[in-house]
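Below, chains carry the letters A, B, ... as their sequence lines are ordered, and counting in each starts from 1. The analysis underlying the following values was restricted to heavy atoms, covering all of them including side chains, and did not include hydrogens, waters or symmetry mates. Predicted, not measured: the structure shown is a model, and the values here were computed from it.
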Amino acid sequence: MTGYTEKIREAAKRLLTEKKVDCFIGFRKGSVPMVNYPVIVSDPAKADELIWDANCAMNLANYVIGRKDKVGILATGCVARNLVTLVQENQIKREQLYIIGLPCSGMIDKSQVIDKYGDVEIVSVIDKGDTFAVEAGDKTDVLKKADFLSRNCKICAHHNPIEYDEIIGDKVADPETYIKPEDVKKSESMSDAERWEFFEKTFSPCIRCYACRNACPMCYCPTCFVDESRPQWVGKSSDETDTLTFHFLRALHLAGRCTDCGACERACPIDIPVRYLTSRLNADAKEIYGFESGLDPKMRPLLDHYKLDDLNDFFK
Amino acid sequence: MTTKSFTKDALIKAADGLRKSYRVFVPVKVGKFHEFKLFEDGDKPDFEYRKTRKSPKGLIFPQSERMLEYSIDEHKPDHHIMKESPKDYSPQVVFGIRPYDAMSFKVMDVNFDTEDYKDPWWIKRYAATTLVGICRNDLDSKMFATENFSGPYDIRGLDVALYDLGDKYIAKSLTEKGEKALAAMGGNDVSAAELAAIEKLTPDTNAPQAAPTDKIKEKVVNDLFDSTMWEDIANGCINCGACTFLCPTCWCFDIQDEIHKREGDRLRIWDSCMFPLYTLHASGHNPRGKKVQRVRNRFMHKIKYYLDKYEKGIMCVGCGRCVEACPVNIDIRRVCELMNNFTK
Ligand code: SF4
Ligand code: SF4
Ligand code: SF4
Ligand code: SF4
Ligand code: SF4
């Protein structure tokens, strides 16, 4: 993925100059390690600010919602699936998008890297393909990317964008069979009481900043249920019941829509593994209905179509 | 002003000893991050922590707090009468707070305690709080100096300063509250050499680079407000509350009623100008309905309005928490620079 930057700049410049798109959504290098800055470029001269590396983990599909113009956008496997889901859900028209597909071998898990160094401050992180160089304190280590991949990237089934107008780079091998996430397996082996305890312990430290919700391209409701005041569905204090309610409802609203892009988890300022809930729902969608979100713009979302052979043994 | 010396072990004992007369809050690692927690038996305070992820502002200004309570049950004689909920104003010590976090309370105090308005809960809790801070050279590269924080030895916000000299701490009381707490902490007499060592640690020692804000005062508010730079600054923002909720100097709150059956609570809860709900009127109109307006407000409030209104520098102690936690790298230092260099 390290060779993408030049090609991205070239494509953005070309699309903007030829007026094929009105703006181009990508990343600019961030001012701190492992966080890049999403930008919307409309001047071809600014295309040279664009970069790509394994720290471009926030989901750019977030920025197309509600746009009226024609948008060029970079899309990894998951981002392309989010774009498709947004098209299915009428948040943007397919014709408005010019998707530059980027086969993706995975993003670096920022919090795992920070944990490794503890109190030693990380000065820079440079993507080198299969490895990355971390400058921390007074030394530089070269670490294997495979050991520090984001948790969602480790189980990603669609590294290559399925929907695109142009693709940059060579395809990455996808796993041949479905990988059930370890977290899901773990939760299945727990009793109800254990599961509840785990849920409470994991989610109650949440500070209700809603970075997870806002980082997610599928969370675009004009008024989120937590913000609704007539009626008030959820209390707004840091009362544990309200916090936990926010989390399970947020997850349920993503059933059959989440693409496991990991942006929610990445955005959390206090590292709450919010994907625990959505990845469980993704596994259900896959195992019960054979459904994965965002694979085909012509297909309907999971929860708005019905098939005669759908699982229905809950009807008694 | 009293000075005392403590070995590193003795300092933990001193904090423990204070529990007899105060509620003592100490830095403890909870999960992945350090936070200030009520010192209880078995807790292991870690005074050499680098920075707490959440700022300690909640100790004086809790994220949610029951202000008043009432009943709407008309069978009760005092129905529909708001009564103050019980609150704990017993003396508390925040032990091991860093100078920037201590200064943040001073920055917020100008809002909660003014000529015209006095917030009773803030004032009482701030008055009941003694800040025993640790000065050590432990800033990181995301931190910066402002008028309200010059460096690790800037002791303006503290009641007691504990200078970390490597193998020991030298304590210096700075206020009456501090004097009282230090008297209860014990400690050994300080030698002339130790005194000389801490005198060398001035507010400028190991100072980080300052955020460029020197020219902001002279800019016309409306020119800055109307600038086109806000579009570019705001583009990536996802309008979450990570920056303002972690920030030690953000003071905004919302007031909400919660009723269970016929008993109600009136709560005050942190709010953030990044949320669309923050300015939503009952009519449905939202004067800051667009993201760019909200992002502009955050920075204009911190870097321009506060500066102009109070003449006490910008509303920021340079702790760098927002820089670290923003998922999309909106960096207040860059915004300061853009505002400082702005020309109409
Ligand atoms: S819930 Fe999280 S992982 Fe799923 S699409 Fe939203 S941001 Fe991505
Ligand atoms: S980002 Fe983290 S702290 Fe913020 S609401 Fe989501 S889980 Fe809670
Ligand atoms: S650096 Fe950011 S978090 Fe810290 S005081 Fe300034 S605005 Fe607040
Ligand atoms: S920056 Fe926003 S949230 Fe923070 S104090 Fe100012 S208006 Fe309030
Ligand atoms: S500046 Fe960053 S942390 Fe603050 S609201 Fe915007 S995205 Fe969230």
Working to the nearest 0.5 angstrom, can you tell me the gap between [X] [atom1] and [Y] [atom2]?
X	Y	atom1	atom2	answer
B:Arg50	A:Glu121	CZ	CD	5.0 Å
B:Lys291	A:Asn214	NZ	CG	10.0 Å
A:Lys236	B:Asp271	NZ	CG	7.0 Å
B:Leu277	A:Ser229	CG	OG	7.0 Å
A:Asn55	B:Asn329	CG	CG	11.0 Å
A:Asp119	B:Asp140	CG	CG	10.0 Å

Give a yes or no on whether [X] atom [atom1] has more than 12 heavy-atom contacts from other residues, nucleotides or ligands under 6.0 Å away.
X	atom1	value
B:Lys29	NZ	no
B:Lys37	NZ	yes
B:Arg66	CZ	no
B:Lys290	NZ	no
B:His281	NE2	yes
A:Asp138	CG	no
B:Glu263	CD	yes
A:Glu197	CD	no

Does any heavy atom of chain A fall under 4.5 Å from the side chain of [X], the backbone, both, or neither of them?
X	answer
B:Glu65	neither
B:Ile269	side chain
B:Arg268	neither
B:Ile330	both
B:Ser272	neither
B:Asp232	both
B:Lys51	neither

Most heavy-atom pairs under 4.5 angstrom with chain B, which of [options]?
options	result
A:Thr223, A:Asp227, A:Ile207	A:Ile207
A:Asn62, A:Asp115, A:Ile25, A:Ile114	A:Asp115
A:Ser238, A:Cys212, A:Gly30	A:Ser238

**Prompt:** Do you know which of B:Arg333, B:Glu324, B:Lys142 has the most heavy-atom pairs with chain A at a distance under 4.5 angstrom?
**Reply:**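 Greatest number of close heavy-atom pairs with chain A: B:Lys142.
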
**Asked** If you count heavy-atom pairs under 4.5 Å with chain A, which of B:Cys243, B:Pro276, B:Gly241, B:Ala325 comes out on top?
**Response**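 Result: the option with the highest number of such pairs is B:Gly241.
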
**Request:** Spell out, as yes or no, whether a donor-acceptor pair under 3.5 Å connects the side chain of B:Gln256 to the backbone of A:Ser237.
**Result:**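 It does not hold such a pair.
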
**Request:** Answer yes or no: is there a donor N or O on one side and an acceptor on the other, between the side chain of B:Arg53 and the main chain of A:Ile270, under 3.5 Å?
**Result:**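 Such a contact is absent between B:Arg53 side chain and A:Ile270 backbone.
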
Measure across [X] and [Y] and return the closest heavy-atom pair with its distance rounded to 0.1 Å.
X	Y	value
B:Ile233	A:Tyr37	O-OH, 3.2 Å
A:Cys209	B:Ala242	CB-N, 3.8 Å
B:Pro327	A:Val35	O-CG1, 3.2 Å
B:Asp331	A:Ser31	OD2-OG, 2.5 Å

**Prompt:** Going by heavy atoms in the side chains, are B:Asn235 and A:Tyr63 under 4.5 Å from each other?
**Reply:**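 Contact flag for B:Asn235/A:Tyr63 side chains = no.
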
**Request:** Measure distances from A:Asp242 to the heavy atoms of chain B and classify the residue's part below 4.5 Å as side chain, backbone, both or neither.
**Result:**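 For A:Asp242, side-chain heavy atoms alone lie under 4.5 Å from chain B.
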
**Prompt:** For A:Asn36, is it the side chain, the backbone, both, or neither that has a heavy atom closer than 4.5 Å to a heavy atom of chain B?
**Reply:**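 Contact with chain B: backbone only.
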
**Request:** Evaluate the side-chain contact (heavy atoms from CB on, under 4.5 Å) criterion for residues B:Val328 and A:Phe27: first the C-alpha distance (whole Å), next the side-chain angles of each, then the deciding distance (0.1 Å), finally the verdict.
**Result:** CA-CA 10 Å; B:Val328 294; A:Phe27 285 96; over 6 Å; no

